[in-house]
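Here is the structure we will look at, set down as structure tokens.
For clarity, every value in this text was computed on a predicted model and none was experimentally measured. Lettering of chains follows the sequences in order, A, B, ..., and the numbering in each one begins at 1.
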Amino acid sequence: MSTVAWWMEAGAVLCWLVAGIAAVRAIRRPGRSDGCYRWLTGLGCLLVVTLLGWLWLALDRPPLRTLGETRIWYAGLSVVAGSLVAWRLGTTSLRLPMLIMGILFLSLNLVFPQALDKTLMPALRSPLFVPHVVVYLLSYAVLGISGGMALWRFIRRHPDPDLPFRLVHAGLPLLTLGLCLGAIWAKEAWGHYWAWDPKETWALLTWIAYVALIHGERGLRERPRLALGIIAGCFVVVLMCWFLVNHLPSTAVSVHTYTRE
Amino acid sequence: MRTVTSFFGVLIGAWIVQAIHPTLALQLPGPPWNWLLTAGPVGLAASLAWWRSEHPLVRGLGSASLAIASLLSVAATCWPIAVFPVGVDAPHWLNWFGLADPLSSLPFAIAMAAVAINLAVSLGRRLRCGPDRLRFTILHLGLLTAILGGAAGHGGLIRARFIMEEGAKPGDAVTAVDGRRVRLPVALCLDDFVLDRYAPMLLVAEADGSLFRGEVLIGSGAHDLVRGLQIEVTEWLPSAAVVADRPVPFSEPGTNPAARVVIRDVGGGILGDGWLHPPGPYGSELFLALPGGRSLHLDEPRPQRYLAKIRADGVSHEITINHPLRVDGWAIYLLSYDESLGPASRTASFEAIEDRALPAVYIGLGLLILGVLMHLWKPRVAGDRV
Ligand code: HEM
């Protein structure tokens, strides 16, 4: 099963790589048709969606249990959500950041192939499991594009934080929604909507980082380089919460860390 | 800015007091004081803000800068829980900063109070602004209600953990975590505990101790490929005990399956043949040692679903991990069972919780969700016209 998954992931990475090259060429020669970019991005997304659908059926459970499985969702959501936000905002500037995020996270799965099995622990058998994790991953995808873009603009000394900020305004509500769904589920499963588990505390720290960011937005827009640096830094907190927490001493007492197999 | 500076002054003072007295711990009292202490000052602050919305103190207390300062202070006081196993094995130096028990510390309480006052004051001012900022009003009101419900609820919460054994007499008296004896609204007894498990999977242990699990749920005729080993099940006992290093059919709750397997390398050459059985109450482990210091094991079957069939005042109910039993303001959760016995466990552990502030938390979360959905629908960033 994991071999088939590996080849489908490799196919999607290839599509997005070529789509990325097409996007760069489109920037260099504006006015040319971007059909190649569109088709290959779409094909890569189709491969990821097919892979997730197939895994869901073959594993007989939502493919959201292991870190590797969440990376497939993250990669797909980065490109799909990035395209939707780009369409809504009428910009082409999101093409490269979203493709880079998608390629990066799927490539992690190619380098560290995962074992896939059918087991699902009893606590995850809840109608809130899928919405909670998917909404979280969607917010991470949007915030990831925002963070990646902010970092790029920071390095390139192109200090315009407008688009990264707009993405934060889409990502933070999703993050909040994920947090609320998690609290409601935890109450249903364990009796405590907030138990100060290390992973929960990281989720709070992530949320605080972004809430503080948007409350300081007005002032930060006047200091664009600082703003870009902070937006990129906030995404590091997301990564801590998502998987770097697995490498901290606190993980020993957490009930929420993803299985790493 | 003056308000933020004063807030930091108070916070640092609280920090110093906590560092000098590391054992100082704050707990909210039970009802009605929990509500008075939380909702009282917040209501007062909101009314003051509504009444004198342009007063400099009100502007400061309801400012976005105090929001940032108070939120970052919450982060600065609770981060040790995110990094260290606080309460189990946290570094000693956290004591020097008054953060050995962050959640009961004075600085954390000050930071949380500042968040609540800031929200209340900004809401009081906001209520004068009319419906054009409705989504932020809803969102901030939801947050404040959830925070108040959470804080007050924490003071009034009753939690009791207890274990029930199949066949024991019904009872309603339990000991709460704070040592109080409390009565549940119903008398409970455990009729049956049921644990369904998945079929087991294969496990290859490498010479360096690293473990690699197969992907296939093992059963009659199953095949799997793990770390270059082709493994085929040639005989299968769904339920077995181990006697004199041989598996024999034996049916009792809690018995593990046994599989006879043939192991081939990628070229088809046979590397081993024999029985596998996970360790369990009915026999020790059977595994196969392979060339190069590797070995092949049958992993213990993983739990798929567990449920407790209980009777509450004579009426039968089933409790599973995501479906507690709710009676009269109490919720009874199934927590665990005797894991050493697995499906043979005749006991199950439960937690009964009474949280009268829960509706406030849920109303708050509902408003928060509504507010963020409205914001998502029509995002607005600083600089845009409202
Ligand atoms: C999901 C979380 C949150 C979101 C999306 C959010 C969003 C916003 C936005 C967009 C504004 C500007 C609104 C306007 O100009 O009308 C604002 C203002 C404000 N927020 Fe929040 N907020 C959140 C949480 C918080 C929290 C936790 C606090 C308290 C610590 C807070 C306190 C404030 C204050 C004091 C203002 C300024 C009020 C004013 O200028 O009238 N917010 N918030």
Side-chain angles (χ1 to χ4, degrees), chain A residues 1-2 115-123 125-128 162 165-166 168-170 172-174 176-177 180-181 183-185 187-194 196-199 201-202 204-205 208-209 211-212 214-221 240-241 245 248-254 261, chain B residues 64-65 67-68 71-72 74-75 78-90 102-103 139 146 150 159 198 201 212-217 226 302-306 320-324 331 333 335 351-353 355 358 361-362 365-366 368-369 371-373 375-376 379-383:
Chain A
M1 207 184 293
S2 48
L116 297 160
D117 70 64
K118 292 188 167 186
T119 61
L120 188 67
M121 60 201 278
R125 294 179 176 277
S126 158
L128 286 169
D162 184 58
F165 262 128
R166 280 179 194 275
V168 170
H169 277 269
L172 177 61
L174 292 166
T176 311
L177 205 59
C180 294
L181 289 173
I184 295 168
W185 179 18
K187 180 73 197 168
E188 210 50 25
W190 289 287
H192 306 277
Y193 42 81
W194 197 262
W196 294 98
D197 179 275
K199 181 106 173 173
T201 311
W202 273 111
L204 177 71
L205 294 178
I208 286 180
V211 173
I214 62 160
H215 287 83
E217 181 177 349
R218 225 174 278 261
L220 281 172
R221 277 180 179 262
M240 286 301 307
C241 178
V245 58
L248 291 176
S250 58
T251 196
V253 292
S254 176
E261 59 215 38
Chain B
S65 20
I68 301 172
L71 283 168
L72 293 181
V74 171
C78 74
W79 68 269
I81 309 167
V83 178
F84 301 109
V86 170
V88 181
D89 183 23
L103 301 178
L139 183 160
R159 284 172 55 193
Y198 286 101
M201 287 179 288
F212 295 89
R213 192 169 280 106
E215 296 191 331
V216 175
L217 294 174
V226 194
R302 293 177 172 190
Q304 182 174 16
R305 188 183 70 119
Y306 51 91
T320 63
I321 198 162
N322 277 300
H323 295 98
Y333 296 87
L335 288 190
E351 184 163 45
I353 297 182
D355 181 0
L358 190 61
V361 177
Y362 277 175
L365 292 184
L368 177 57
I369 290 176
V372 294
L373 286 180
H375 186 49
L376 197 60
R380 174 197 155 264
V381 297

Sort out for me which of [options] touches chain B most, counting heavy-atom pairs under 4.5 Å.
options                                : value
A:Leu248, A:Leu220, A:Val211, A:Thr201 : A:Thr201
A:Lys118, A:His215, A:Arg125           : A:Arg125
A:Gly216, A:Gly219, A:Ser2             : A:Ser2
A:Ala212, A:Ala183, A:Pro198, A:Pro249 : A:Pro249

**Study point:** Beyond-backbone contact of B:Leu365 with A:Tyr193, side-chain heavy atoms, under 4.5 angstrom
**Key:**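 No - every pair of side-chain heavy atoms lies 4.5 Å or more apart.
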Point to revise | Side-chain heavy atoms of B:Asn322 within contact of A:Trp185, under 4.5 Å | key: yes
Spell out, as yes or no, whether a donor-acceptor pair under 3.5 Å connects the side chain of [X] to the backbone of [Y].
X        : Y        : answer
A:Asp117 : B:Leu217 : no
B:Tyr198 : A:Leu120 : yes
B:Glu215 : A:Leu116 : yes
B:Tyr333 : A:His192 : no
A:Ser250 : B:Ala82  : yes

**Study point:** Evaluation steps, side chain to side chain contact (heavy atoms under 4.5 Å, CB included), between B:Val83 and A:Trp202
**Key:** CA-CA 9 Å; B:Val83 178; A:Trp202 273 111; 4.1 Å; yes
Practice item. List the atom of A:Glu188, the atom of B:Pro324, and the distance in Å for their closest heavy-atom pair. Key: O-CD, 3.4 Å
**Study point:** Contact summary for A:Pro122 and B:Pro303, nearest pair of heavy atoms
**Key:** CD-O, 3.6 Å
Revision key, fill the gap. Comparing B:Ser65, B:Ala67, B:Cys78 against chain A, the one with the most heavy-atom pairs below 4.5 Å turns out to be B:Cys78
Review point. Most heavy-atom pairs under 4.5 angstrom with chain A, which of B:Ala75, B:Ala64, B:Ala331, B:Pro102?
Key: B:Ala75
Given heavy-atom pairs under 4.5 angstrom as the criterion, report whether the side chain, backbone, both or neither of [X] touches chain A.
X        : answer
B:Leu71  : both
B:Phe212 : neither
B:Phe84  : both
B:Val226 : neither
B:Leu373 : side chain

Review point. Given B:Val86 and A:Trp196, is the side chain to side chain contact (heavy atoms under 4.5 Å, CB included) satisfied, shown in steps?
Key: CA-CA 10 Å; B:Val86 170; A:Trp196 294 98; over 6 Å; no
Exercise for review: Kindly indicate, with the supporting measurements, whether the criterion side chain to side chain contact (heavy atoms under 4.5 Å, CB included) is fulfilled by A:Met121 and B:Arg302.
Suggested key: CA-CA 8 Å; A:Met121 60 201 278; B:Arg302 293 177 172 190; over 6 Å; no
Check your understanding: Where do B:Gln304 and A:Thr119 land on the side-chain hydrogen bond (donor to acceptor under 3.5 Å, both in side chains) test, with the steps shown first?
Key -> CA-CA 7 Å; B:Gln304 182 174 16; A:Thr119 61; over 6 Å; no
Tell me, side chain or backbone of [X] under 4.5 Å from chain B's heavy atoms, or both, or neither?
X        : value
A:Leu204 : side chain
A:Thr176 : side chain
A:Leu205 : side chain

**Study point:** Check against side chain to side chain contact (heavy atoms under 4.5 Å, CB included), B:Ile353 and A:Trp190
**Key:** CA-CA 10 Å; B:Ile353 297 182; A:Trp190 289 287; over 6 Å; no
